[in-house]
Visitor: 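Okay, handing you the structure first.
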There are 2 protein chains.
Amino acid sequence: MNLRRDVYQAIADPTRRAILVLVASQSMTAGAIASNFDTARPTVSKHLQILTECELLEQEQKGREVYYHLNPERIKEVADFIEPFRKMWDDRFNKLETIMKEYQSKK
Amino acid sequence: MNLRRDVYQAIADPTRRAILVLVASQSMTAGAIASNFDTARPTVSKHLQILTECELLEQEQKGREVYYHLNPERIKEVADFIEPFRKMWDDRFNKLETIMKEYQSKK
DNA sequence: AAGCCCTGTAAGAATTATCTTACAGGGCTT
DNA sequence: AAGCCCTGTAAGATAATTCTTACAGGGCTT
């Protein structure tokens, strides 16, 4: 077996990304989250389980309802991977700006 | 069929992320890239194909060798998804700082 | 306590992804 | 042109993931 189940695998699924966006602004119950999608409720429940396992979401039981809210901390792992690359396209952008300035000064 | 094959799916695989880091600083041939991994060469070739398909890598043929180099532009898609969440953990950090200051002023 | 509602989970089929072996195209070198 | 080297690809076995139907636990309400 040896499941992957890391943050990258988690955000690879479009439904799971949509869940993260949905829960970003406010806590929501499992049912409320599921009602936003066409897929069956147990399917969404499974997605919630996956997101919770890699700590992108956190659960909070309130009576018989379970609220899910975002844990932004974990997304940082992906951000840290991307950060060095960001520098690269920033550099390219800066280079483009320089070219544009030179172009305009020749007018 | 209808394969996923998007940027998120691409970076979900640890080998593919390693390839991106490897190629970030310099262009490399397919063989040179493959020699960095334990998996068979065709396996790496497949990964390169996937990365090229979603435009994270670009090919440059030189004689019988193929050089791969990074296209930072595409990673921006992931960065844009993450950016809004970044604000959330920044806010949390700021809140923590505020608490610390209050704590110190009471000493 | 009985019944309803919210939620999670097990099982299994269908889909998708991964990796290896074997082979093919095509540029170099001699 | 013959042979070697670099690379890509097809086929098929294996593994992992996804999704649905059916069911179970446990908190509310009456």
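The sequence lines fix the lettering, A, B, ..., with proteins before strands; numbering per chain opens at 1.
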Visitor: List in numerical order all residues of residues 21-31 of chain B for which some heavy atom is under 4.0 Å away from an atom belonging to DNA chain D.
Guide: Thr29(B), Ala30(B), Gly31(B)

Visitor: Measure the shortest side-chain to side-chain distance between Thr43(A) and His47(A) over non-hydrogen atoms and say whether it is less than 4.5 angstrom.
Guide: yes

Visitor: Ignoring hydrogens and angles, tell me if any N or O in the side chain of Glu53(B) forms a donor-acceptor pair with the backbone of Glu55(B) under 3.5 Å.
Guide: no

Visitor: Does Ser45(A) make a side-chain N or O approach to OP1 or OP2 of dT7(C) shorter than 4.0 Å?
Guide: no

Visitor: Hey, are Tyr68(A) and Gln59(A) close enough side-chain-wise for a donor-acceptor pair under 3.5 Å?
Guide: yes

Visitor: Sort out the partner of dA15(D) for me: Watson-Crick or G-U wobble, both distances under 3.5 Å, none otherwise.
Guide: dT16(C)

Visitor: When you check the phosphate oxygens OP1 and OP2 of dT7(D), does a side-chain N or O of Gln61(B) lie under 4.0 Å from one of them?
Guide: no

Visitor: Taking only nitrogen or oxygen atoms into account, show me every contact under 3.5 Å that the protein makes with nucleotides 28-30 of chain D, one pair per line with its distance.
Guide:
none

Visitor: Look at all strands and tell whether Phe37(B) reaches a base, only sugar-phosphate, or nothing, counting heavy atoms closer than 4.0 Å.
Guide: nothing

Visitor: For dG8(C), does OP1 or OP2 lie under 4.0 Å from any side-chain N or O of Gln49(A)?
Guide: no

Visitor: At under 4.0 Å, does any side-chain N or O of Tyr67(A) touch on OP1 or OP2 of dT7(C)?
Guide: no

Visitor: Is it true that Ile19(B) and Ile50(B) fall in one hydrophobic cluster, defined by side-chain heavy atoms closer than 4.5 Å?
Guide: no

Visitor: When both hydrogen-bonding distances must be under 3.5 Å and the geometry is Watson-Crick or G-U wobble, what is dT7(C) paired with, if anything?
Guide: dA24(D)

Visitor: For nucleotides 19-22 of chain C, list the nitrogen or oxygen atoms of the protein found under 3.5 Å from its nitrogen or oxygen atoms, one pair per line.
Guide:
residue: dC19(C); atom: OP2; partner: His47(B); partner atom: NE2; Å: 3.0
residue: dT20(C); atom: OP2; partner: Ala40(B); partner atom: N; Å: 3.1
residue: dT20(C); atom: OP2; partner: Thr43(B); partner atom: OG1; Å: 3.0

Visitor: Does any part of the side chain of Ile82(A), heavy atoms only, come nearer than 4.5 Å to the side chain of Phe81(B), both counted from C-beta?
Guide: no

